[in-house]
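Written out below as structure tokens is the structure these notes cover.
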2 protein chains.
Amino acid sequence: MNDGLPPQMGQSLLFLTDEQLRKGIEAMFFAYRGFTADPDRILAQKSYGRAHHRAIHFIHRSPGTTVNNLLSILGVTKQSLNRVLRSLIEDGLVASTVGQRDKRERHLHLTAAGEALERELSDAQRDRMRAAYRAAGPAAVAGFRQVLEAMMDEETRHHYETIRDKPE
Amino acid sequence: MNDGLPPQMGQSLLFLTDEQLRKGIEAMFFAYRGFTADPDRILAQKSYGRAHHRAIHFIHRSPGTTVNNLLSILGVTKQSLNRVLRSLIEDGLVASTVGQRDKRERHLHLTAAGEALERELSDAQRDRMRAAYRAAGPAAVAGFRQVLEAMMDEETRHHYETIRDKPE
DNA sequence: TTGGAATGTCAACAAAGCTGACGTATTGTA
DNA sequence: TACAATACGTCAGCTTTGTTGACATTCCAA
């Protein structure tokens, strides 16, 4: 609603019209397909899914993380994550070790095979992202990140910032 | 790989480092959760899912569209879409009418109830998008859209552009 | 030392994607 | 005018990935 040309609105606010917002929403929807397309192809060959990719990604980023911590980052239930972790552990991509300080906890690491798959997946995803970044240029990239960060929930943004600023 | 400070790389390409790309990838992942969060809450109350939202959105945008056309926009199989459409038609949110020129086709429209749900969903999603746009500013928004468009597959981008430029 | 909180696992179910096969109506063409 | 192709719907069955509920183990604090 309310998308007639607004007479009182200065040029500076035209980017907030419902039409502009709709374009952003549709761009987000269609772009997310491209974002996941390349990893999805690789995963399908190995009969894994996106959930496996997400687990692998964040275990790679935070080696030794606990199941509980991974849970809150991924925003799924522990039962859902458990199924994925179990298959990754059975297949020798993830190692789960009982905590020393607290034996209830399991600390998660990627094995060599797990690191290899992580690299394959993130290489594919980065290639597309790199092409998009290159096509759009550095100023566009800065804006891209700004809008995405402003779109996150409060709690999610906290997870994002924590991981974002961790050294590789 | 290759993320040490690159001596031969001018300042102008620093936005293409693997670390910058990783941040973009993670931002995309976390932001998409926020992007869908508000509609998801509304849909859950009515025991619908994201698939219903997508169908409603694009039928709203292209009233009278055929099943086949919707299929190619959404990028799913007809069996998958059919399950969703059937429930929407049964619940009186979508009307399906036999084509006049080609009687094999079904033309899809939202009913008044369908339009009402569409408005509720898109209002919620636009509110968040508007807040993000406002926080980031017009230049950032332009960059946001540029990167997203560059991230799409060729075919997907065609769908996007076709719908994007259609009057509301 | 014992009972509650926290961590993680197993079982069962639901949403939404997929393939394959098939039926029906309609269209277009050889 | 036959016949192949198209558009749509449906049935059956499978996979992935989310959910709740129940339960075992471990830790910590009253």
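Residue numbers begin at 1 in each chain, while the letters A, B, ... track the order of the sequences.
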Short heteroatom pairs, N/O only, protein and nucleotides 11-14 of chain C, under 3.5 Å:
none

Starting at OH of Y48(A) and ending at P of dT17(D), how long is that distance when rounded to a whole Å?
11 Å
Grab the CZ-C1' distance between R50(A) and dC18(C) for me, whole Å please.
14 Å
Given dT20(D), dT9(C), dA6(C), identify the nucleotide with an atom nearest to the side chain of N68(A).
dA6(C)
Can you tell if the side chain of Q146(A) reaches within under 4.5 Å of the side chain of F144(B), non-hydrogen atoms only?
no
Identify, with sequence neighbours excluded, every residue that meets ring-ring contact (aromatic ring centres under 6.0 Å, His included) alongside F58(A).
F29(B), F30(B)
Determine: side-chain N/O of N82(A) to OP1/OP2 of dG8(C), distance under 4.0 Å, yes or no.
no
For dC18(C), does OP1 or OP2 lie under 4.0 Å from any side-chain N or O of T77(B)?
yes
Whole-Å distance, R86(B) CZ to dC8(D) C1', equals 12 Å
Below 3.5 Å between N/O atoms, which protein atoms pair up with nucleotides 23-30 of chain C? Just atom names and distances, please.
residue, atom, partner, partner atom, Å
dT26(C), O2, R104(B), NH1, 3.3
dT27(C), OP1, R101(B), O, 3.3
dT27(C), OP1, K103(B), N, 3.0

Between G49(A) and N69(B), just flag the one whose closest nucleotide in DNA chain D comes earlier from the 5' side.
N69(B)
E90(B) CD - dT10(D) P separation (whole Å)
9 Å
Base, sugar-phosphate, or nothing: which does H52(A) touch, judged by heavy atoms less than 4.0 Å apart?
sugar-phosphate
Apply the test side-chain contact (heavy atoms from CB on, under 4.5 Å) to residues N68(A) and E105(A): give CA-CA distance (whole Å), side-chain angles for both, the deciding distance (0.1 Å), then the verdict.
CA-CA 8 Å; N68(A) 238 4; E105(A) 296 179 339; over 6 Å; no
Q20(A)/R145(B) under side-chain contact (heavy atoms from CB on, under 4.5 Å): CA gap, chis, key distance, verdict:
CA-CA 10 Å; Q20(A) 290 296 314; R145(B) 286 259 307 275; 3.4 Å; yes
Of the listed nucleotides dT17(D), dT19(C), dA16(C), the one nearest the side chain of R54(A):
dT17(D)
What's the closest nucleotide to the T66(A) side chain, out of dG8(C), dC11(D), dG9(D)?
dG8(C)
Nearest-Å distance for atom pair CZ/P, residues R33(B) and dG18(D):
10 Å
Rounded distance [0.5 Å steps], CD in E115(B) versus CD1 in I56(B)
9.5 Å
Starting at CZ of R106(B) and ending at C1' of dT10(D), how long is that distance when rounded to a whole Å?
13 Å
Above 12 or not: heavy atoms from other molecules or residues under 6.0 Å from CD of E155(A)?
no
Heavy-atom check, side chain of E26(B) versus side chain of Y160(A), under 4.5 Å:
yes
Between C1' on dG9(D) and CD on E105(B), what's the gap in Å once rounded to a whole number?
15 Å
Any chance you could measure D123(A), atom CG, to R119(A), atom CZ, to the nearest 0.5 Å?
8.0 Å
Separation of atom CG in L70(A) from atom P in dT17(D), rounded to whole Å:
14 Å
Rounded distance (nearest 0.5 Å) linking atom CG of D91(B) with atom CG of L117(B)
10.0 Å
Would you mind reporting whether Q125(A) and H57(A) have side-chain heavy atoms less than 4.5 Å apart?
no
